[in-house]
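Everything on this sheet refers to the single structure shown next.
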There are 2 protein chains.
Amino acid sequence: MPAVPAAHQRPAPDGGVRRRRAGRPSSAVLDKAGITSAALELVSRKGYDGLTMAALAKLLEVAPSALYNHVSSKQDVLLLVEDHLMSLVDVSSFGAAPWDDAVRTWAWSYRNVFAEHTPLIPVIAVLPVTDAPQTLAMYETVSKGFLDAGFPQERIISAIVALESFIFGSAYDVTAPEDIFDPGTMAESTPYFTAAVRGAAGTALRAADAAFMLGLDALIDGLGSLRREAD
Amino acid sequence: MPAVPAAHQRPAPDGGVRRRRAGRPSSAVLDKAGITSAALELVSRKGYDGLTMAALAKLLEVAPSALYNHVSSKQDVLLLVEDHLMSLVDVSSFGAAPWDDAVRTWAWSYRNVFAEHTPLIPVIAVLPVTDAPQTLAMYETVSKGFLDAGFPQERIISAIVALESFIFGSAYDVTAPEDIFDPGTMAESTPYFTAAVRGAAGTALRAADAAFMLGLDALIDGLGSLRREAD
DNA sequence: CCACTAAATGAATGGCATTCATTTATTAGA
DNA sequence: TCTAATAAATGAATGCCATTCATTTAGTGG
């Protein structure tokens, strides 16, 4: 990642109206780091619907086709964003707190980061870690945490994948409307479900948070029993 | 759902080339059931990238704009497909087998159905159940199963949501390439992760299946402890 | 000095969901 | 029974989107 500041970070000399003339500029306007941070800015301002190659180019004060000198597709941009977000996931508790506390901290942080970025989840799920250094770094720290906590080598990946699956699914829940389970006019024909929905209503936590806490505790308990020794 | 057979199910009288003349036909060509089954056929043949309004219209031997007399958007089509798929999820074990066996059967079936339809997961996660009768029916059966197994009313929704989150996340795993965790050239800098990946390699199950089994057992154990009485 | 490569512009391209005016047929109401 | 409203089709736009390509200009290595 070169130290060149991204174009959108310095003030446009003329209000962003004048065009660059064709041909290679003396100093490069674009680089991957700049594209990544512009994409993140766009997403936080307009959401993932607003993240188009055209909008990205405009923010970077560049023609859309110029982006393709640095990334090979929009999927590539999403990949850059995804890997950046992984560096925001808190793994600091591994090695500093007991295994179950560390997992809890990591999982909540991971869920909260991706709850704001659910359109990336399909990307992550299929992304080879080779192409994503930050992602790989996270897995390294977490793997070490599991090994040090006494997990048998051959179960570590499965355990992490199981937790991640739960985390990704739970990230979607956060974005769901609060009344998603309201049976509406069908209430009479679904008495058990309706009663369950009514029964859950009085809780202090948001529904998504209650479910995440419940499931995470169950997973930590169940997976923790695989350990050979305490930490 | 009218009993009118979908157009693509009867042989085209002329090889599918001749066009209908403009104006309302004597008997309706389209209905929601026909659109749903054509969408499913398209998905199974060409995947979700092949599911476009134009392709759907072509399969139904209709102009694309005709679809909008029956659905209000493509999202609406996805919703129809999603609700249909929910009727394929096996809930038959609830009431017929012990709670934990029933949950296991349901969860595997649910995961397997949506592993083939991951693009629908973002749709489901935000879909109000009111608009999806099959989905509602599934929740009703599962809720009753949990209540009868001794679950406290106010925890049932959270428990189901936790399981579903895990199921949706796990459905993505199934679609991931087998070597997604290969650290490649970064292997030296990530010794713990690399060792964990190597250690998991010898398993008989596919990686996604091993993780699903492990996580599901942990969840069933942990959630099962909430029950007041055995079944 | 020259060939090559890198990085920009700007003009296509083709696909996409969706809308609208129009046509025709059925249906409900006076 | 006529008539107005509604339902269901066509076909022609519309605007957005990612992506490609020819072209231009500027550095870089031999």
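Residue numbers begin at 1 in each chain, while the letters A, B, ... track the order of the sequences. Any value given below was found using the heavy atoms of this structure, including those in side chains, with hydrogens, waters and symmetry copies removed. Note that the structure is a prediction, hence the values are computed from the model and not measured.
When rounded to the nearest whole Å, the span between CD1 of A:Ile35 and C1' of C:dA8 equals 13 Å. Between the CG atom of A:Leu56 and the P atom of D:dA18 there is a distance of 9 Å, given to the nearest Å. Protein atom CG of A:Leu51 is 17 Å distant from nucleotide atom P of D:dC16, rounded to whole Å. When rounded to the nearest whole Å, the span between CE of A:Met53 and P of C:dA8 equals 13 Å. Look at CG on B:Leu42: it is 11 Å from P on C:dC16, rounded to the nearest Å. Look at NZ on B:Lys58: it is 15 Å from P on D:dT10, rounded to the nearest Å.
Of the residues in residues 64-79 of chain A, A:Ser65, A:Tyr68, A:Ser73, A:Lys74 come within less than 4.0 Å of DNA chain D through at least one heavy atom, sorted by number.
Annotation: the span from A:Ile156 atom CD1 to A:Phe146 atom CZ amounts to 8.0 Å, rounded to 0.5 Å.
Look at B:Arg20 and you'll find a side-chain N or O under 4.0 angstrom from OP1 or OP2 of D:dT10.
Within a 6.0 Å sphere centred on NZ of B:Lys58, heavy atoms belonging to other residues, nucleotides or ligands number 12 at most. Within a 6.0 Å sphere centred on CZ of B:Arg198, other residues, nucleotides and ligands contribute 12 heavy atoms or fewer.
With A:His70 as the fixed residue, the side chain to side chain contact (heavy atoms under 4.5 Å, CB included) test singles out one of A:Val62, A:Leu30, A:Asp76: A:Leu30. The salt bridge (Lys or Arg N to Asp or Glu O under 4.0 Å) with A:Arg111 is formed by just one residue from the set A:Asp90, A:Asp209, A:Asp173; it is A:Asp209.
With hydrogens and angles left out, the side-chain atoms of A:Tyr139 and A:Glu164 include a donor and acceptor closer than 3.5 Å.
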